[in-house]
Structures are given as structure tokens and as C-alpha cells.
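I have placed the structure first, in the form of C-alpha cells, so that the comments after it can refer back to it.
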Amino acid sequence: MNTSDIIASVGVIILLIGFALNLFKKITSESKAYALMNFVGAGLCGYSSYLISFYPFVILECIWAFVALVSLFKVPRGT
């Protein structure tokens, strides 16, 4: 397993944890925790895709991370 595989695996695990927590109603999709997990997970997946020069996925993950970052700052306080 090389470096890009490890980075991608960590990113996907973070994304799936956020998805599962939301699915089982442990966190809401409007929470800062959910937005942060999406930002970090997508960022790691995007970076690992960049390392292997798979640019369509880099674009997808960078947009995902950007949207998550914007939502992170638009989340109401106290959630």
C-alpha cells in the first residue's frame, strides 16, 4: 500500500463515518462536525487523487471540499 492509498483510505473512512453518523441520527447534516468531516475527508481524497494524477476525481473532491468548507462557516452557532 503506497502513500496515496493510505491518504485516500483515511479520507474515505472519514467520509463514511460522517455519513453513517448522519444516517443513524447521531449528527445532523447541518452540524459543524458533519461539515468538518466532509471537508477533511474530501480534501484527503482529492489530494490522494492529485498524487496519482487522476484529475477528474481531483475536481470532484475539491468541489466537495469547497462546498463543505462554505457550509462549515454558514452553520448556525450551537449545533
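Just so you know, residue 1 is the first one in the sequence shown, and it goes up from there.
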Residues sharing Ile52's hydrophobic cluster, by side-chain heavy-atom contacts under 4.5 Å among ILVMFWY, directly or via others?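 Reading the cluster by chain and number, Ile52 sits alongside Phe54, Phe57, Leu60.
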
Contacts of type side-chain contact (heavy atoms from CB on, under 4.5 Å), residue [X], not counting sequence neighbours:
{"X": "Ile17", "value": "Ile13, Leu21, Met37"}
{"X": "Val58", "value": "Ser49, Tyr50, Tyr55, Cys62"}
{"X": "Leu16", "value": "Val12"}

Pairs where residues 33-47 contributes a residue and the test side chain to side chain donor-acceptor pair (under 3.5 Å) is met, not counting sequence neighbours: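 Pairs touching residues 33-47 that pass the test: Asn38-Trp64.
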
Nearest heavy-atom neighbours spanning Gly11 and Leu44: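 Smallest heavy-atom distance, with atoms named: CA-CB, 3.8 Å.
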
Quick check: closest heavy atoms across Gly43 and Ala65, and the distance to 0.1 Å?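 That closest heavy-atom pairing would be N-CB, 4.0 Å.
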
Between [atom1] of [X] and [atom2] of [Y], what distance do you get to the nearest 0.5 Å?
{"X": "Phe39", "Y": "Leu69", "atom1": "CZ", "atom2": "CG", "value": "5.0 Å"}
{"X": "Leu36", "Y": "Ser71", "atom1": "CG", "atom2": "OG", "value": "10.0 Å"}
{"X": "Ile7", "Y": "Cys45", "atom1": "CD1", "atom2": "SG", "value": "10.0 Å"}

Just jot down the side-chain hydrogen bond (donor to acceptor under 3.5 Å, both in side chains) partners of Ser9, sequence neighbours excluded, or say none.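 Partners of Ser9 by the side-chain hydrogen bond (donor to acceptor under 3.5 Å, both in side chains) criterion come out as none, since no residue qualifies.
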
